[in-house]
Amino acid sequence: MPELPEVEVVRAGLDPALTGASVTAVEVFEPRSLRRHDSTAGPFVDLLEGQRMLAVVRRGKFLWVPLASGRALVAHLGMSGQVLLRAPGAVDDRMLRIRLRVEHPVLGELWVHFVDQRIFGSMAIDTMTPTADGRSGGFSGLEPMAAGDRRETGWQRRLPSQVAHIARDPLDPAFSAPDFYRVLARKKAGIKRVLLDQTVISGIGNIYADEALYAARLHYEQPASSLTLPRARALLAAVRTILQRALVEGGTSFDAQYVNVNGESGYFSHSLSVYGQQGTPCARCGTTIVREQFMNRGSHLCPRCQRVRGS
DNA sequence: CCCTGCCCCTGTCCGC
DNA sequence: TGCGGACAGGGGCAGG
């Protein structure tokens with residue numbers, strides 16, 4: 001479900017509640033939600049209880065909370081995950097999988113509910129590893145670290161091992177556009193497949209891929225390597241514009257499946273041009289928007305504005 | 001290496 | 001009403 005804007009809304013909501021707080025108790029109601037936890041270092045609960053939380057960080061669709069122990073609590077929302085902040089004693093949310101009780105020095109006790117219908121999401125405790133380029137592991141609301149910055153940080157130049165293979169996202173100041181264009185130039189696959197490949201560029205999912213391709217007037221099967229540099233630049237610009245607009249509007253909610261940490265929906269669904277708009281006219285040319293299968297999922301496009309361009 | 005297909009899950013909605 | 005099938009915002013992995 002959640003793509004970069006939705007995950008960032010969650011990160012920003014958790015940050016003031018969790019940074020500086022300590023975990024006092026952990027309850028796991030659904031062990032399958034820990035599938036990405038490697039228990040060789042110890043059980044999830046044991047590695048988390050008593051830990052102080054140092055920040056809330058995001059790269060693409062991955063969230064993590066660096067812990068005083070040097071490890072991190074990693075969370076991925078999958079298709080249907082939510083993280084909700086609740087008052088102590090709150091009733092169990094439907095499909096509650098994990099509850100953290102935390103004590104914040106100013107806010108007092110808070111309950112953090114990890115809710116996930118399909119159990120594609122997960123929480124895990126993971127080791128941290130240095131970033132390949134020595135810059136920040138992800139976005140934490142702090143000033144980005146430039147190359148050569150000598151600030152002592154501990155967690156900031158590191159990221160969870162299970163996130164190390166994920167590319168930086170296009171809103172990350174350390175994202176390299178030239179590197180991205182070089183990868184496009186050697187990929188013969190359809191451009192949508194590349195946009196969804198989190199090891200190439202992270203944070204884009206099915207909704208924003210379709211929206212960005214519409215904005216850039218590209219067909220999902222256009223070979224990535226066939227894009228001219230100006231078209232590749234325009235596509236990246238479209239991706240960034242759409243992700244930022246969605247973020248400002250609080251993300252995209254179709255139903256109660258995506259909500260922020262307070263259970264509130266985002267408004268970007270009103271701004272979608274093609275995703276879910278099949279049967280309605282294209283805002284540019286009036287042609288009916290269609291929905292087609294690509295990579296075993298729906299792709300939404302204007303068949304007139306978005307054609308595969310000749311090689 | 002790269003790419004494709006399949007798997008992991010539950011819930012909801014639609015048509016018969 | 002009931003039931004089968006399609007569909008849903010993601011990602012990891014096996015096998016070609």
- Nearest-Å distance, NZ (K187(A)) to P (dC1(B))? 12 Å
- From the options dG11(C), dT10(B), dC2(B), select the nucleotide whose nearest atom is closest to the side chain of F62(A). dG11(C)
- Message: What is the distance, to the nearest angstrom, from the CD1 atom on I119(A) to the C1' atom on dC7(B)?
- Response: 14 Å
- Task: Determine, for R36(A) against D126(A), whether the closest basic-nitrogen to carboxylate-oxygen distance falls under 4.0 angstrom.
- Result: no
- Using the C1' atoms only, state how far dT4(B) lies from dG9(C), rounded to an integer number of Å. 22 Å
- Query: What is the ring orientation for F254(A) with Y275(A), classed by angle as parallel under 30°, tilted 30 to 60°, or perpendicular over 60°?
  - Reply: parallel
- Message: Regarding H113(A) and R99(A), do their side chains bring together a donor and an acceptor under 3.5 Å, going by distance alone?
- Response: yes
- Message: What's the closest nucleotide to the side chain of R118(A) if the choices are dG9(C), dT4(B), dC9(B)?
- Response: dC9(B)
- Message: How many whole angstroms separate atom CD1 of I207(A) from atom P of dC7(C)?
- Response: 17 Å
- Query: Got a donor-acceptor contact below 3.5 angstrom from the R52(A) side chain to the A21(A) backbone?
  - Reply: no
- Task: Provide, to the nearest angstrom, the distance between the CD atom belonging to E292(A) and the P atom belonging to dA6(C).
- Result: 19 Å
- Query: If the P atom of dA14(C) is compared with that of dC9(B), how far apart are they to the nearest Å?
  - Reply: 16 Å
- Task: Kindly work out whether a path of hydrophobic side-chain contacts (I/L/V/M/F/W/Y, heavy atoms less than 4.5 Å apart) joins V239(A) to I166(A).
- Result: no
- Message: Check this one for me: any side-chain N or O of K188(A) less than 4.0 Å away from OP1 or OP2 of dC3(B)?
- Response: no
- Would you classify S253(A) as touching base, sugar-phosphate or nothing, given that sugar-phosphate means primed atoms plus P, OP1 and OP2, and contacts are heavy atoms under 4.0 Å? base
- Message: For a quick check of understanding: with a heavy-atom distance under 4.0 Å over all strands, which category does R297(A) fall into, base, sugar-phosphate or nothing?
- Response: base
- Message: Rounding to an integer number of Å, can you tell me how far I204(A) CD1 sits from dG10(C) P?
- Response: 11 Å
- Item | Complementary nucleotide of dG11(C), counting Watson-Crick and G-U pairs under 3.5 Å | dC7(B)
- Query: Residues in side chain to side chain contact (heavy atoms under 4.5 Å, CB included) with A224(A), at least two apart?
  - Reply: L184(A), K187(A), I191(A), V194(A)
- Query: What integer distance in Å separates L184(A):CG from dC2(B):P?
  - Reply: 14 Å
- Report the distance from atom CG of D116(A) to atom P of dG10(C), rounded to the nearest whole Å. 13 Å
- Message: Nearest whole Å is fine: how far is dG11(B) P from Y258(A) OH?
- Response: 22 Å
- Query: Are H165(A) and dG12(C) close enough that a side-chain N or O sits under 4.0 Å from OP1 or OP2?
  - Reply: yes
- Query: Counting only side-chain N and O atoms of R36(A), is one of them less than 4.0 Å from OP1 or OP2 of dG12(C)?
  - Reply: yes
- Considering only heavy side-chain atoms of M79(A), the closest of dG10(C), dC8(B), dG11(B) is dG10(C)
- Q198(A) vs dG11(C): side-chain N/O to OP1/OP2 distance below 4.0 Å: yes
- Query: So which nucleotide from dG9(C), dG11(B), dC8(B) ends up closest to the side chain of R94(A)?
  - Reply: dG11(B)
- Expressed as a whole number of Å, how far does the C1' atom of dG12(C) sit from that of dG11(B)? 23 Å
- Would F120(A) count as stacked on dG11(C) if the rule is ring centres under 5.5 Å and plane angle under 30°? no
- Note on the structure: Ranking dC9(B), dC7(C), dG11(B) by distance to the side chain of Q293(A), first place goes to dC7(C)
- Task: For Y275(A), report the nucleic acid contact type (base, sugar-phosphate, nothing); a contact means any heavy atom under 4.0 Å.
- Result: sugar-phosphate
- When you check the phosphate oxygens OP1 and OP2 of dG11(C), does a side-chain N or O of H76(A) lie under 4.0 Å from one of them? yes
